[in-house]
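Let me begin by presenting the structure, written as structure tokens, before commenting on it.
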Amino acid sequence: MRGKRSGRSQGRRCGHRRRGGESHYFPQGCEGQGGSRGRHADGPDGRGGEYSGSRWFRRVMKVTQLVTKSLRDDPPEAETASHRLMLRAGLIYQVAAGIYASLPLAYKSLRKIENIIREEMDRAGGQELLMPALQPLELWEQTGRGAAFGDNLFSLEDRRGRPMVLAPTHEEVVTGIVKANVQSYRDLPVILYQIQTKFRDEPRPRAGLVRVREFAMKDAYSFNADEESLDDSYQAMAQAYKNIYRRCGLPVLMAEADSGAIGGKDSHEFILATPTGEDTVITCPACGYTANAEKASGVYHELPAEDEESLEAVSTPGVKTIDGLAQYLNISDEKTFKAVFYMADGEVVFVTIRGDLEVNDIKLKNALRASDLRLADDQEVAKAGLVAGSASAIGIHDIKRVGDLSITRGNNFVVGGNKPDTHLRGANYPRDFQVDILTDIALARPGQGCPNCGQPLEAVRGVEVGHIFKLGTFFSEALGANYLDREGQHQPIIMGCYGIGVGRLLAAAIEQNHDDKGIMFPAPIAPYQVHLVGLNLADEQVTEEAERLYQELKDQGIEVLYDDRTDQTAGVKLNDVDLLGLPVRLVVSPRNVKAGVVEFKQRLDETSSLVPAGEVVATLQAMPEIT
RNA sequence: CGGGGCGUGGCCCAGCGGCAGGGCGCCUGGUUUGGGACCAGGAGGUCGGCAGUUCGAAUCUGCCCGCCCCGACCA
């Protein structure tokens with residue numbers, strides 16, 4: 001450790017040098033960080049100061065030493081921004097579909113993200129552990145999840161022919177660990193977490209690191225004796241997640257989510273908004289209500305009550321759609337019922353919903369408790385004796401019927417006549433027909449009212465960068481993970497699980513933070529904080545000054561990537577700087593050296609400024625976000 | 001799994017029955033140096049694989065493999 005840095009560095013790290021109340025990144029003290037910065041242990045190559053002490057990261061790098069190179073052209077296979085930019089900037093290397101190597105620059109970012117996650121998990125009471133990726137299939141059969149994952153499970157055999165899997169997640173193993181180590185309510189609660197590689201044989205990997213088949217993931221698992229305790233753990237994790245995203249410089253939406261086939265009551269997704277995202281959340285700008293598209297509910301137009309009219313057939317030649325029907329009869333589509341046919345686990349299901357609404361497949365699947373749900377095809381519809389385009393629940397008895405709550409709101413609807421070119425007016429539920437299940441299965445849409453405050457809802461696309469679940473007792477019951485309560489009774493442990501895809505988070509961060517020139521890294525997850533560029537390094541004075549500045553930054557513990565290439569023109573170098581998108585660019589050039597200044601520019605800013613060479617370090621150290 | 005697109009030096013692409021090409025990059029020498037330089041010389045490819053058609057196949061046909069996009073799927 002050589003001296004002058006360490007003291008002030010630690011103070012800085014703890015936030016003491018923040019100014020003006022700005023506190024974007026390190027708002028909560030500095031547990032778990034003590035002394036890891038500003039220490040200059042000699043690295044394995046003996047070059048002092050290039051490695052951080054306890055983390056053993058290389059803190060500085062010369063471009064001429066970097067293995068990877070940027071690409072001049074956009075890779076044609078990459079359409080989404082993060083994928084394109086990560087390939088171009090030399091962050092990732094594709095090995096196969098959905099399988100990537102993280103090259104040194106990306107790996108630095110990933111390690112930073114991991115460390116932020118690690119610190120927040122530890123702060124929330126988590127204990128880190130490592131579990132095997134390779135597991136016997138038998139374990140997955142005990143919970144039925146071998147079948148549930150199906151082809152998404154990477155499977156193989158060991159040399160004795162024993163079926164094995166590459167784990168897509170670790171609930172089974174972690175539950176076994178807890179079962180072996182927890183007997184009493186006194187041992188609970190427990191939160192364990194892991195950051196490691198997981199495998200899912202995704203049917204369609206896409207968008208670079210957004211959806212891959214092998215990926216680094218943080219999963220945490222909570223084990224609690226009762227619901228209240230589970231709630232505490234869940235809230236602690238939710239808060240930890242918020243801290244993580246804030247510290248990464250990423251604004252995320254926390255959305256109510258469907259808890260899935262296994263899940264218990266609560267589930268939330270964390271969504272980073274970007275137009276190329278795979279998921280849609282419905283959100284209320286007025287009150288903050290946010291839910292994913294599968295879960296969200298919206299308030300739709302209420303129809304005034306009317307006296308029930310009698311049922312009457314109308315001829316509707318050629319009319320097969322709701323739009324066509326509304327137009328033909330000159331009525332609003334709100335005054336019609338649509339019929340939709342599904343196949344749920346091989347059984348035809350008849351679904352009725354108001355004509356202006358759409359069926360939410362996930363809600364329907366949950367209502368039916370079906371494991372496989374899809375739209376019925378024409379043959380299946382015909383075989384069930386249903387008339388597509390003119391169907392209604394009236395007179396249907398031998399098929400399972402599901403009605404959306406919207407069919408109870410209003411009177412005198414136009415419905416199918418169950419024979420071609422015929423509809424019925426004056427249809428009223430439940431006078432004219434019944435359903436087997438009546439519940440909310442409507443898809444929420446932007447423009448509908450917020451269920452909390454009634455203001456119009458909006459739809460936002462984004463990438464899911466975290467998901468937390470209350471699991472309940474599914475795994476503990478299947479695997480016999482019980483504890484003894486105060487009365488000496490065996491009880492299944494109540495579980496929760498909490499995941500963040502590390503690589504996906506990086507990809508989503510880039511997806512959200514880039515321009516047409518390249519990446520714009522949020523400082524906390526940037527591979528280096530400063531991109532030092534020497535222009536015209538054939539000039540000895542320039543080289544001397546650039547090297548001096550590099551050394552000074554290195555000595556001050558500032559992470560710097562130094563473009564020391566002598567064989568590239570200014571254009572190439574400056575474009576590479578914009579492409580990689582580190583927070584700060586410093587340019588040393590003949591004219592700057594003559595003037596005794598260094599050009600200073602932030603990636604987020606349009607303009608640069610000239611800083612006296614002697615004040616560069618002080619300028620950087622005055623920036624709260626630069627580490 | 002359905003639909004579409006694409007596989008040609010390290011990268012981006014042209015060629016589509018008759019000698020395998022261009023740009024970038026790379027190597028050597030020289031000139032250049034603030035937004036993807038210039039000159040001269042040079043290295044580098046079983047044209048994704050297999051089979052077939054043909055005097056002759058990168059080019060036509062069939063099968064297969066791989067990659068990308070849309071959809072399905074995504075506790």
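Here the structure is a predicted model, which means the values were calculated and not measured. To find a chain, count down the sequence lines: A is the first, B the second, and so on, and within it residues start at 1. Any value given below was found using the heavy atoms of this structure, including those in side chains, with hydrogens, waters and symmetry copies removed.
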Nucleotide forming a Watson-Crick or wobble pair with [N], both distances under 3.5 Å:
N     : answer
B:C6  : B:G66
B:A40 : B:U28
B:C11 : B:G23
B:U46 : none
B:U54 : none
B:U33 : none

Look at the side-chain N and O atoms of [X] and state whether any lies under 4.0 Å from the OP1 or OP2 oxygen of [N].
X        : N     : answer
A:Gln94  : B:C68 : yes
A:Arg204 : B:C74 : no
A:Thr569 : B:U33 : no

So which nucleotide from [options] ends up closest to the side chain of [X]?
X        : options             : result
A:Val572 : B:G36, B:G34, B:C12 : B:G36
A:Pro203 : B:C26, B:C68, B:C73 : B:C73
A:Ala97  : B:G36, B:G35, B:C67 : B:C67
A:Leu535 : B:C13, B:G34, B:G35 : B:G34
A:Asn536 : B:A75, B:U33, B:G36 : B:U33

Whole angstroms only, please: what is the [atom1]-[atom2] distance between [X] and [N]?
X        : N     : atom1 : atom2 : value
A:His83  : B:C69 : NE2   : C1'   : 12 Å
A:Ile99  : B:G66 : CD1   : P     : 12 Å
A:Asp201 : B:C1  : CG    : C1'   : 13 Å
A:Asn292 : B:C74 : CG    : P     : 13 Å
A:Arg72  : B:A37 : CZ    : P     : 6 Å
A:Arg565 : B:U33 : CZ    : C1'   : 14 Å
A:Gln142 : B:A75 : CD    : C1'   : 18 Å
A:Glu79  : B:G4  : CD    : P     : 17 Å

**OP:** With RNA chain B as reference, determine whether A:Val95 or A:Glu171 sits nearer its 5' end, using the nearest nucleotide of each.
**Re:** A:Val95
**OP:** Between A:Glu202 and A:Lys517, name the one whose nearest nucleotide on RNA chain B is closer to the 5' end.
**Re:** A:Lys517
[atom1] spacing across the pair [N] / [M], given as an integer number of angstrom:
N     : M     : atom1 : value
B:C26 : B:G44 : C1'   : 9 Å
B:G9  : B:A14 : C1'   : 14 Å
B:C47 : B:G66 : C1'   : 16 Å
B:G7  : B:G45 : C1'   : 14 Å
B:G25 : B:U46 : P     : 23 Å
B:U32 : B:C38 : C1'   : 7 Å
B:C63 : B:G22 : C1'   : 33 Å
B:C12 : B:C6  : C1'   : 14 Å

Original post:
Are any of the side-chain heavy atoms of A:Glu79 and A:Thr276 separated by less than 4.5 Å?
Top reply: no
Subject >> Minimum side-chain heavy-atom gap A:Ile493-A:Lys179 below 4.5 Å >> reply: no
Just call it for [X]: base, sugar-phosphate, or nothing, with non-hydrogen atoms closer than 4.0 Å on any strand.
X        : result
A:Arg585 : base
A:Arg206 : sugar-phosphate
A:Arg213 : nothing
A:Asp576 : base
A:Pro590 : nothing
A:Ala78  : nothing
A:Ala147 : nothing
A:Asp578 : base

**OP:** In sequence, state the C-alpha distance, the side-chain angles, and the governing distance for A:Arg548 and A:Glu552, and then conclude on salt bridge (charged side-chain N to carboxylate O under 4.0 Å, His left out).
**Re:** CA-CA 6 Å; A:Arg548 186 200 64 74; A:Glu552 188 183 1; 3.0 Å; yes
**OP:** Ignoring hydrogens and angles, answer whether the base of B:G36 and the side-chain atoms of A:Gln568 contain a donor-acceptor pair closer than 3.5 Å.
**Re:** no
Original post:
Is any N or O donor-acceptor pair between the side chain of A:Arg200 and the base of B:C74 shorter than 3.5 Å?
Top reply: no
Original post:
If you measure from the Lys or Arg side-chain nitrogens to the Asp or Glu carboxylate oxygens, is any gap between A:Arg565 and A:Asp563 under 4.0 Å?
Top reply: yes
**OP:** Using a strict 4.0 Å threshold on nitrogen-to-oxygen distance, state whether A:Arg603 and A:Asp515 make a salt bridge.
**Re:** yes
Original post:
Among all residues two or more places apart in sequence or in another chain, which pass the salt bridge (Lys or Arg N to Asp or Glu O under 4.0 Å) test with A:Glu227?
Top reply: A:Lys265
Original post:
Any donor-acceptor pair under 3.5 Å linking the side chain of A:Glu599 with the backbone of A:Asn592?
Top reply: no
Original post:
Can we call the ring centroids of A:Tyr245 and A:Phe270 under 6.0 Å apart?
Top reply: yes
Original post:
Once the angle between the rings of A:Tyr100 and A:His83 is folded into 0 to 90°, is it parallel (under 30°), tilted (30 to 60°) or perpendicular (over 60°)?
Top reply: perpendicular
